[in-house]
Amino acid sequence: MAQSEMGSKEKTSSFMVQVNSIGIPISDPPTPPPQRSVFLAQLILKISAIFFTLCSISVIITSNQSIILFGIQFEASYAYSSSLKFLFGANAVVCVFSVLSMISVYLLRRSGLKLRDHFFIFLHDMVMMVLMVSGCAAATAIGYVAKHGQEDMTWHSICGYVHKFCHKMIISMVFSYLTFFAYLALTIISAHGLAFPSPSTSTSGH
């Protein structure tokens, strides 16, 4: 018995020597990516996006400020700016779709993710990222004008009169940019899952 084991070991070692001698590299089989860690990262990022959007929405809603200037009452509100309304709408849409996508990904993961599921997840994350950065860009542009004015267009700064409103809008934009970065990370993760599917991913259902 011992002689047969020794003989098999000698054959194995001689075979490895022959393989190495002809230049065929020997390497360990690739290990599948940690799917549980990827799913946990996606879950944390989606929950973070929901939290950031809710914070941004709540700050926008409570940002209204009334002042009396030259005996006339003025009110600063996000409802008077199409850019700020767009930011509000973008946060609301991203918040709702984040909740729905989180539930969908959880259910799909239980039944087994297919390759086309990875594509739809990537598409969703990319659309949410683009929508969020569009809202941030629009609000940033109007916010810059509100804070610094535009002398060429004779637009004066209003933040010197409505400090509370401008301060809250800055906080709202910070939360919105955090949502954008969360979805940027989600898009990268989704693209990686689409480009390098795990061996357990089913390709049926095309």
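Throughout, residue positions are numbered sequentially from 1 according to the sequence presented. Only a predicted model underlies this, so the values are computations on that prediction, with no experimental measurement involved.
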Could you tabulate the donor-acceptor pairs under 3.5 Å formed by side-chain atoms of residues 84-100, not counting sequence neighbours?
| from | atom 1 | to | atom 2 | distance (Å) |
| --- | --- | --- | --- | --- |
| N91 | ND2 | S56 | OG | 3.3 |
| N91 | ND2 | L87 | O | 2.8 |
| N91 | ND2 | S176 | OG | 3.1 |
| S98 | OG | V94 | O | 2.5 |
| S98 | OG | Y183 | OH | 2.6 |

Could you report the tightest heavy-atom contact between T179 and M132, atom names first, then the distance? CG2-SD, 3.7 Å
Okay, side chain of S190, backbone of T187: is any donor-acceptor separation there less than 3.5 Å? no
Among residues two or more places apart or on two chains, list those pairs meeting salt bridge (Lys or Arg N to Asp or Glu O under 4.0 Å) that have a residue in residues 129-139. none
Value for CZ (F180) from SG (C136), rounded to nearest 0.5 Å, stands at 7.5 Å
In chain order, what residues pass the salt bridge (Lys or Arg N to Asp or Glu O under 4.0 Å) check against K168, with sequence neighbours excluded? none
Does anything in residues 47-64 pair up under salt bridge (Lys or Arg N to Asp or Glu O under 4.0 Å), and if so which pairs, sequence neighbours excluded? none
Quick check: does any side chain N or O of S81 sit under 3.5 Å from a backbone N or O of Y78, one acting as donor and the other as acceptor? no
With rounding to the nearest 0.5 angstrom, report the CD1 to CE distance, I60 to M173. 9.5 Å
Kindly compute the distance separating OG1 (T53) from CG (L178), expressed to the nearest 0.5 Å. 11.0 Å
If you apply the rule side chain to side chain contact (heavy atoms under 4.5 Å, CB included), what do you find for L184 with F181, and how did you get there? CA-CA 5 Å; L184 176 62; F181 285 118; 4.3 Å; yes
Compare every heavy atom of M102 with every heavy atom of I50, then report the nearest pair and how far apart it is. CD1-CE, 4.0 Å
Passes side chain to side chain contact (heavy atoms under 4.5 Å, CB included), M129 versus L186? Steps please. CA-CA 9 Å; M129 179 191 68; L186 282 166; over 6 Å; no
With sequence neighbours left out, what residues match C166 under disulfide bond (SG atoms under 2.5 Å apart)? C159
Single-linkage hydrophobic cluster V59~Y80, side-chain heavy atoms < 4.5 angstrom: no
Sorted by first residue and then second, give each salt bridge (Lys or Arg N to Asp or Glu O under 4.0 Å) pair with at least one member in residues 42-56; sequence neighbours left out. K46-D125
Going by side-chain hydrogen bond (donor to acceptor under 3.5 Å, both in side chains), name the residues that satisfy it together with Y177, two or more places apart in sequence or in a different chain. T140
Any chance you could measure I188, atom CD1, to L45, atom CG, to the nearest 0.5 Å? 10.0 Å
For S134, give me all partners under side-chain hydrogen bond (donor to acceptor under 3.5 Å, both in side chains), at least two apart in sequence or on another chain. none
CZ/F120 to NE2/H124 distance, rounded to the nearest 0.5 angstrom? 13.0 Å
